[in-house]
Amino acid sequence: TFELISEIKDLVILFVGAGEVFTRQFRDFQKSSATTRAIYLGQRRIEDLASLYGCVDFGIGQLAPEKMGLKQYSSLKVREYLSYGLPVVD
C-alpha cells in the first residue's frame, strides 16, 4: 500500500492514532515516500474525528497487515470511514 499511495502527487496523509505499532508505521511511511507529505496528529477524541473526516477524500485501512503477522483482519476503522461516506483504500 505504501508504494501505491506514494505515487499520488500532491497527497497529504493524516495519521491519527497512538501506540507503538502505529508510530512505527508512520515512520516507515515517511521513509518510503519522498513525495507524499505525512502529518502525525496523534490520538484524537472521537468527537474530533467527524470534523477530520469532513476534510479528507478517503480513508486508509491497515497499511501493512503482513508486517504485523496478520493474514486477515477486519478493521473497525474501515467501517467507521464507510459510515462517514468515505471511500477506503484497504
Side-chain angles (χ1 to χ4, degrees):
T1 306
F2 285 162
E3 294 79 21
L4 173 68
I5 291 171
S6 65
E7 292 177 14
I8 302 171
K9 294 182 180 187
D10 300 323
L11 179 68
V12 176
I13 295 188
L14 303 177
F15 280 78
V16 180
E20 182 182 331
V21 171
F22 186 85
T23 54
R24 184 175 55 240
Q25 286 183 336
F26 174 71
R27 286 191 304 269
D28 289 348
F29 183 80
Q30 283 184 306
K31 291 176 189 174
S32 73
S33 177
T35 59
T36 302
R37 223 172 114 210
I39 300 171
Y40 179 67
L41 297 176
Q43 189 169 355
R44 293 290 186 244
R45 297 178 324 178
I46 194 143
E47 299 85 18
D48 299 333
L49 293 178
S51 60
L52 282 173
Y53 292 155
C55 299
V56 301
D57 296 315
F58 61 92
I60 300 174
Q62 184 65 37
L63 283 176
E66 68 281 354
K67 287 186 178 183
M68 295 172 46
L70 299 175
K71 293 181 181 169
Q72 287 186 344
Y73 76 101
S74 178
S75 175
L76 181 58
K77 69 180 168 180
V78 168
R79 293 184 188 115
E80 186 174 359
Y81 297 151
L82 293 172
S83 76
Y84 279 91
L86 292 173
V88 176
V89 175
D90 195 27

Report task. Inspect the surroundings of CD in Glu47 and state if more than 12 heavy atoms from other residues, nucleotides or ligands are less than 6.0 Å away. Result -> yes
What pairs of donor and acceptor atoms, side-chain ones from residues 15-23 against any protein atom, are under 3.5 angstrom apart with sequence neighbours left out?
unit_1: Thr23; atom_1: OG1; unit_2: Gly19; atom_2: O; d: 3.1
unit_1: Thr23; atom_1: OG1; unit_2: Glu20; atom_2: O; d: 3.1

Contacts under 3.5 angstrom, residues 81-88 side chains, donor-acceptor by atom type, not counting sequence neighbours:
unit_1: Ser83; atom_1: OG; unit_2: Glu80; atom_2: O; d: 2.7

Query - For Ile39, all residues meeting side chain to side chain contact (heavy atoms under 4.5 Å, CB included), sequence neighbours excluded - result: Val12, Leu14, Arg37, Leu41
